[in-house]
Amino acid sequence: QVQLVESGGGSVQAGGSLRLSCAVSGDTVSGYSMGWFRQGPGKEREGVANIDSDGTTTHADSVKGRFTFSLDNAKNTLYLQMNSLKPEDTAMYYCAAARGHLWIGFRFLAHFYNYWGQGTQVTVSS
């Protein structure tokens with residue numbers, strides 16, 4: 001059973017930075033398509049970034065150039081570096097794992113993921 005534990009959330013002012021971590025246990029991440037999602041108040045859960053099992057990385061247009069998703073295989077840990085944060089980035093952030101490879105069109109669709117963390121809150125004030 002794969003378990004995901006996020007950390008690193010907090011409150012920052014607009015323009016600031018945060019780095020989220022997702023520690024993975026129960027299996028190695030190399031066999032999974034790993035994603036970061038977020039859900040703001042009154043909004044649907046949306047995909048932010050993905051590192052697929054084929055090694056490719058994809059970022060949503062809304063965060064491209066500001067957020068960077070990386071993976072430390074030795075530590076079995078994922079990171080989401082978030083720079084130039086905006087108030088609209090305020091949300092609960094979740095990491096998720098899908099078994100195997102996901103076609104690029106599926107990587108930001110939550111129902112394709114099998115395992116989820118409990119989330120970490122990010123609040124950006126103006």
Side-chain angles (χ1 to χ4, degrees):
Q1 180 77 4
V2 173
Q3 293 186 325
L4 310 172
V5 179
E6 303 95 335
S7 61
S11 296
V12 296
Q13 291 190 328
S17 298
L18 284 173
R19 189 177 79 156
L20 306 184
S21 300
C22 175
V24 182
S25 61
D27 206 346
T28 56
V29 298
S30 58
Y32 294 81
S33 190
M34 303 300 302
W36 282 100
F37 288 77
R38 66 186 181 185
Q39 188 164 15
K43 297 181 180 180
E44 293 186 356
R45 192 167 296 191
E46 64 170 342
V48 174
N50 170 278
I51 294 180
D52 192 67
S53 58
D54 67 4
T56 58
T57 304
T58 310
H59 295 83
D61 288 343
S62 59
V63 305
K64 204 169 290 184
R66 300 188 299 122
F67 291 11
T68 302
F69 189 4
S70 62
L71 167 63
D72 186 331
N73 281 297
K75 295 182 178 179
N76 224 33
T77 299
L78 315 169
Y79 301 98
L80 185 67
Q81 178 66 44
M82 305 187 297
N83 299 326
S84 302
L85 282 161
K86 304 175 181 180
E88 52 264 43
D89 295 319
T90 294
M92 185 71 80
Y93 283 72
Y94 301 89
C95 67
R99 298 186 201 95
H101 164 72
L102 284 180
W103 175 62
I104 191 169
F106 295 159
R107 292 176 190 173
F108 290 161
L109 299 179
H111 63 269
F112 283 97
Y113 289 77
N114 307 105
Y115 305 100
W116 291 84
Q118 82 291 347
T120 186
Q121 178 67 38
V122 171
T123 303
V124 185
S125 58
S126 58

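- Under the 4.5 Å side-chain heavy-atom criterion for ILVMFWY residues, a single connected hydrophobic cluster contains both Phe112 and Ile104.
- Criterion: ILVMFWY side-chain heavy atoms under 4.5 Å apart, direct or through other members. Under it, Trp116 and Val2 are not part of a common hydrophobic cluster.
- Using a 4.5 Å heavy-atom cutoff, the side chains of Glu6 and Gln121 are not in contact.
- Cluster membership for Ile51 and Tyr115, using ILVMFWY side-chain heavy atoms within less than 4.5 angstrom, is shared.
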Under 3.5 Å, sequence neighbours excluded: what are the donor-acceptor pairs made by side chains of residues 8-28?
{"residue": "Ser17", "atom": "OG", "partner": "Asn83", "partner atom": "OD1", "Å": "2.9"}
{"residue": "Asp27", "atom": "OD2", "partner": "Tyr32", "partner atom": "OH", "Å": "2.8"}

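- Closest heavy-atom contact between Ser30 and Asn73: CB-OD1, 4.5 Å.
- Lys43 NZ to Met92 CE: the interatomic distance, rounded to the nearest 0.5 Å, is 14.5 Å.
- Nearest heavy atoms, Ser53 versus Gly31: CB-C, 4.2 Å.
- Placement of Tyr93 and Val63 within a single hydrophobic cluster is found when ILVMFWY residues are connected by side-chain heavy-atom separations under 4.5 Å, directly or transitively.
- Residues Phe69 and Thr57 come closest through the heavy atom pair O-CG2, 4.2 Å.
- The backbone N or O of Val124 lies less than 3.5 Å from a partner atom in the side chain of Thr90, making a donor-acceptor pair.
- The two atoms that bring Arg66 and Ser84 nearest to each other are NH1-O, 3.0 Å, heavy atoms only.
- The line from CZ of Arg45 to CG of Leu109 is 13.0 Å long, rounded to the nearest 0.5 Å.
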Go through the steps for Leu80 and Arg38 under the test side chain to side chain contact (heavy atoms under 4.5 Å, CB included), then give the verdict.
CA-CA 12 Å; Leu80 185 67; Arg38 66 186 181 185; over 6 Å; no
Might you work through the side chain to side chain contact (heavy atoms under 4.5 Å, CB included) test for Asp52 and Trp103, ending with a clear yes or no?
CA-CA 9 Å; Asp52 192 67; Trp103 175 62; over 6 Å; no
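- A salt bridge does not link Lys86 to Asp89: none of the charged nitrogens lies less than 4.0 Å from a carboxylate oxygen.
- In this structure, Phe108 and Phe37 approach most closely via the heavy-atom pair O-CE2, 3.6 Å.
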Please evaluate residues Arg107 and Tyr113 with respect to the criterion side chain to side chain contact (heavy atoms under 4.5 Å, CB included), reporting the C-alpha separation (whole Å), side-chain torsions for both, the decisive distance (0.1 Å), and the verdict.
CA-CA 9 Å; Arg107 292 176 190 173; Tyr113 289 77; 4.2 Å; yes
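- Using modelled atom types, no side-chain atom of Thr77 and backbone atom of Asp72 make a donor-acceptor pair closer than 3.5 Å.
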Let me see the working for Ser7 and Thr120 under side chain to side chain contact (heavy atoms under 4.5 Å, CB included), right down to the final yes or no.
CA-CA 6 Å; Ser7 61; Thr120 186; 5.7 Å; no
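- Between Pro87 and Ser125, the closest heavy-atom pair is CG-C, 4.5 Å.
- Applying side-chain contact (heavy atoms from CB on, under 4.5 Å) to Met34 and the options Leu4, Asn50, Leu102 leaves one that passes, Leu4.
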